[in-house]
Amino acid sequence: MTTTDELRTAAAQDSRVRPQGLRHRIRKDWWIYLFLLPTLLGYGAYTVYPLLASWWFALLDWPGFAAQGTFIGIGNFERLMTDDLFWNAFKNSLVFLVVSVPLRVGLALLLALVLNRKKTPFKGFFRTLFFLPVVTTGAIVGVVFTLLLDASGPVSLALVKAGLLETPANFLADADTSLFAGIAVWVWKWLGITMIYWLAALQTIPQDVHEAAMLDGASGWREFRHITLPLLVPFLVIITLIDTVAALNVFDLMQTMTAGGPSFSSEVIEIFIFRTAFEATVPDLGYASAAAVLFGLLTVVLAVVQALGVRWARREMRTS
Amino acid sequence: MTTPHTQARPVSVASPAPRQGPRPWRPGRRQPVQGVRRRPSAGQVMVFLGLLVLAFCWVYPFIWLLSASLKSTSEIFGSGLSLLPESPLWENYARAWTEVGFATYFMNTVLITAGTVLLIVIRSSLAGYVLGRYSFAGKKLLIGIFLVTFFLPEGYTIIPVTQLTDQLGLLNTHLGVILGLGAGGQIASTLLYAGYFRGLPKELEECARLDGAGPIRTFGQVMFPLAWPITATVVILTFLFAWNAFLLPLVFTLSEPSLRTLAVGMTVFVGEYGTDWAGMTAAAVISLVPVIAVFVVLQRKFVDSIAGAVKQ
């Protein structure tokens with residue numbers, strides 16, 4: 001009895017609410033939508049539309065800056081599947097990720113641990129120093145490093161003098177080393193910001209827990225391994241995700257250092273897209289869009305994997 | 001033992017107070033034993049030396065660049081590891097600034113950066129305010145879209161963005177670059193504002209409402225001025241982003257060299273004036289000085305903003 005009464009009053013209330021449904025709320029909140037207007041317009045045109053349009057463009061044969069392309073279905077994707085240069089760029093991007101991200105995340109963690117200790121001198125100075133390349137322009141860093149890594153540049157000369165290298169070498173002009181030289185410069189440039197992420201993460205752990213963690217003998221290592229590290233795992237996943245996406249945006253550095261060369265040895269996907277869409281003698285917008293779509297899918301897959309990683313890490317923490 | 005002052009300390013670059021001479025003894029802290037405390041362990045020395053070597057690698061490229069900008073091209077390639085130029089060639093700077101057009105590139109960069117910062121501050125403060133404080137139809141959808149597009153790589157969207165800009169007739173204009181950089185994306189700024197406005201007490205805007213101010217005046221005269229710490233953060237992060245942007249300005253100005261930014265101008269410099277490395281290094285210094293100057297002045301704010309953004 002009472003339950004039906006309750007249901008009836010609930011229904012009555014519900015029907016009282018419903019007439020002032022969506023349209024009423026929108027009319028009442030008109031000013032909220034006014035505030036959102038710049039973001040809605042900008043976001044719609046410059047983020048959501050491109051996101052969807054890429055898929056449409058990928059189905060077009062669209063040479064140069066012709067007004068429009070012609071629909072060819074999945075032809076571009078079929079071409080990509082058998083395009084060695086695309087798979088080369090895809091492979092290079094993956095190698096870049098797999099080598100550079102652990103380096104950046106790991107080295108930055110080490111630095112952050114050292115610079116988080118109370119005993120380390122000149123902490124502020126060191127933090128500023130390591131952060132300096134982060135604020136500098138990527139394209140300029142790229143150009144400067146073409147000189148630094150040149151055969152007559154200081155890196156090569158120093159390595160020869162130290163006996164580590166027999167003859168001077170140009171690391172960016174050698175197909176065997178160009179991609180890894182690019183990775184080294186990228187890690188150099190961005191290490192500082194990852195270090196700040198880690199320092200922020202370490203601040204959430206009470207100071208005394210990881211006080212003596214680093215390199216204070218076996219007990220310190222054990223403490224780090226069993227106390228600090230588990231607390232850092234959720235941050236590890238988030239920071240790795242941020243850095244992974246950053247690694248997919250290496251265009252400025254790689255384009256200015258090698259432009260993908262020599263002979264495509266350092267061509268990552270972004271350079272492949274840029275070359276196909278804008279630099280080629282006959283720019284191929286549809287084909288480049290198809291490559292971009294596959295590139296976007298790669299990002300999504302990576303993001304999903306990391307999201308699962310976060311969930312796994314949380315469960316691990318709860319059980320341990 | 002937990003000492004309260006070590007907990008939940010905010011990230012800061014410098015230690016809270018400069019210490020001079022021996023530290024005064026305070027109750028609760030063990031008095032330092034002379035001679036024992038002073039001598040660092042072998043491990044500590046190793047760590048510190050490693051830190052110094054690493055720091056050298058980080059600062060060397062900047063010193064090298066500065067020195068190269070005062071050398072002749074042949075000296076850059078022939079002087080080995082020497083960092084001191086034979087006689088400083090200041091005319092490298094004059095050449096980069098006037099002959100190659102870096103004065104124009106500089107103005108373009110300033111204009112584009114200022115426009116982008118302004119656009120993003122206006123856009124994300126307005127959106128952040130209503131997202132942080134009000135519920136409205138479509139809010140969940142909006143946040144969902146934000147999350148989906150959070151990590152969208154720039155290379156993915158560049159073709160449709162260029163095509164759209166072309167259709168709007170804005171390719172090869174400053175406005176086109178500003179819209180391209182500032183109109184989409186930038187979710188972090190919006191979320192920073194949303195988080196900040198959410199934390200402000202409700203009474204503030206209720207007072208303004210009672211005084212007869214509409215939502216626009218309430219926002220403009222009460223709420224936005226209150227959010228200046230976040231505005232400072234957003235300005236700094238956006239300044240960095242826009243000043244250093246490369247792919248979009250490059251693509252948008254491919255056929256209009258007079259619109260190049262410093263970053264784009266650099267690479268073209270290398271292509272067109274391939275032999276003038278001395279002028280190029282001078283141009284690099286010119287391009288980097290403003291960013292580094294801003295960074296050195298505001299370094300604590302920089303680092304805190306990024307740490308704060310991550311914690312959020």
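Throughout, protein chains are lettered first and strands after them, A, B, ... in sequence-line order, and every chain is numbered starting at 1.
For chain A, no part of B:Leu119 is nearby; none of its heavy atoms comes within less than 4.5 Å. Proximity to chain A (any heavy atom under 4.5 Å) is restricted, for B:Ile187, to the side chain, taken from C-beta onward. Looking at A:Lys189, there are no atoms closer than 4.5 Å to chain B (heavy atoms on both sides), in backbone or side chain. For B:Leu262, no part sits under 4.5 Å from any heavy atom of chain A, backbone or side chain. Of the two parts of A:Val48, only the side chain, counted from C-beta on, holds a non-hydrogen atom closer than 4.5 Å to a non-hydrogen atom of chain B. For B:Phe295, the part sitting under 4.5 Å from any heavy atom of chain A is the side chain, from C-beta outward, and nothing else. Heavy-atom distances place no part of B:Met46 under 4.5 Å from chain A, backbone and side chain included. Interface residue A:Leu51: backbone and side-chain heavy atoms are both found under 4.5 Å from chain B. In this structure, the portion of A:Thr146 lying under 4.5 Å from any heavy atom of chain B is its side chain and not its backbone. At a 4.5 Å heavy-atom cutoff, the contact between B:Phe136 and chain A is made by backbone and side-chain atoms alike. With a 4.5 angstrom heavy-atom cutoff, A:Ala246 does not touch chain B via any of its atoms. Both the backbone and the side chain of B:Ile216 come within contact range of chain A, with heavy atoms under 4.5 Å apart. Contacts between B:Phe239 and chain A at a heavy-atom distance below 4.5 Å are absent for every atom of the residue. Heavy-atom distances place no part of A:Ile271 under 4.5 Å from chain B, backbone and side chain included. When heavy atoms are compared at a cutoff of 4.5 Å, B:Leu247 approaches chain A by way of both its backbone and its side chain.
When every heavy atom of B:Pro61 is checked against every heavy atom of A:Leu148, the shortest pair comes out as CB-CD1, 3.7 Å. Across all their heavy atoms, A:Trp188 and B:Cys57 have their closest contact at NE1-O, 3.2 Å. Across all their heavy atoms, A:Thr39 and B:Arg123 have their closest contact at OG1-O, 3.3 Å. Closest approach of A:Leu147 and B:Thr281 over heavy atoms only: CD1-CG2, 3.9 Å. Minimum heavy-atom separation, B:Pro153 to A:Phe295: CB-CE2, 3.7 Å. A:Val144 and B:Ala284 make their closest contact through CG2-CB, 4.3 Å (heavy atoms, listed as atom of the first residue, atom of the second, distance).
Side-chain contact check for B:Phe62 versus A:Pro133: some heavy-atom pair is nearer than 4.5 Å. A 4.5 Å side-chain heavy-atom check between A:Val143 and B:Met280 finds at least one atom pair inside the cut-off. Contact check for B:Val130 versus A:Tyr33: no side-chain heavy atoms found under the 4.5 Å cut-off. Side chains of A:Glu270 and B:Tyr156 form no contact here, defined as non-hydrogen atoms less than 4.5 Å apart. Side chains of B:Leu54 and A:Phe130 form a contact here, defined as non-hydrogen atoms less than 4.5 Å apart. You'll find the side chain of B:Leu51 reaches within 4.5 Å of the side chain of A:Leu115, heavy atoms only. When side chains are defined from C-beta on, A:Asp252 does not count as touching B:Leu250, because their heavy atoms never get closer than 4.5 Å. For the pair B:Thr157 and A:Tyr49, the minimum side-chain heavy-atom distance is 4.5 Å or more.
No other option in A:Ala45, A:Gly42, A:Gly192 has as many heavy-atom pairs under 4.5 Å with chain B as A:Gly42. Per-residue heavy-atom pair counts under 4.5 Å with chain A were compared for B:Ile292, B:Val264, B:Val161, B:Leu164, and the maximum is reached by B:Leu164. When each of A:Gly142, A:Ala139, A:Ala291 is scored by its heavy-atom pairs under 4.5 Å with chain B, the top score falls to A:Ala139. Between chain B and the residues A:Trp198, A:Phe131, A:Phe145, the most heavy-atom pairs under 4.5 angstrom are made by A:Phe131. The candidate with the highest count of non-hydrogen atom pairs below 4.5 Å against chain A, out of B:Phe246, B:Trp58, B:Tyr60, is B:Trp58. The most heavy-atom pairs under 4.5 Å with chain B, out of A:Leu157, A:Ile273, A:Val135, come from A:Val135. In terms of non-hydrogen atom pairs under 4.5 Å with chain A, the most contact-rich of B:Ala68, B:Pro215, B:Ser287 is B:Pro215. Options B:Ile145, B:Ile158, B:Leu179, B:Leu254 differ in how many heavy-atom pairs under 4.5 Å they form with chain A, and the most are formed by B:Leu179. Chosen from B:Ile122, B:Val251, B:Leu65, B:Val59, the residue pairing most often with chain A at heavy-atom distances under 4.5 Å is B:Val251. For the set B:Trp243, B:Phe146, B:Trp64, the entry with the most heavy-atom pairs within less than 4.5 Å of chain A is B:Trp64.
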(message) Could you walk me through whether B:Thr162 and A:Phe278 satisfy the side-chain contact (heavy atoms from CB on, under 4.5 Å) test, starting with their C-alpha distance in whole Å, then the side-chain angles of each, then the deciding distance to 0.1 Å, before giving a yes or no?
(response) CA-CA 10 Å; B:Thr162 311; A:Phe278 302 106; 3.7 Å; yes
(request) Begin with the C-alpha distance, continue with both residues' side-chain angles, and end with the deciding distance and a verdict on side-chain contact (heavy atoms from CB on, under 4.5 Å) for B:Val291 and A:Thr136. (result) CA-CA 7 Å; B:Val291 211; A:Thr136 55; over 6 Å; no
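Qualifying ring pair (Phe, Tyr, Trp, His ring centres under 6.0 Å) partners for B:Tyr129, counting only residues two or more places apart in sequence or in other chains: A:Phe35, B:Tyr134, B:Phe197, B:Phe219.
In summary, the side chains of A:Tyr46 and B:Gln186 do not present any donor paired with an acceptor at a separation below 3.5 Å, with no hydrogens or angles considered. Side-chain atoms of B:Thr149 and A:Tyr43 form a donor-acceptor pair, as typed in the model, at a separation below 3.5 Å.
Here the straight-line distance linking atom OG1 of A:Thr137 with atom CG of B:Leu288 works out to 5.5 Å at 0.5 Å rounding. Atom-to-atom distance recorded for A:Asn249:CG and B:Glu154:CD is 6.5 Å, nearest 0.5 angstrom. The CG atom of A:Leu40 sits 6.0 Å away from atom CG of B:Leu142, with the distance rounded to the nearest 0.5 Å.
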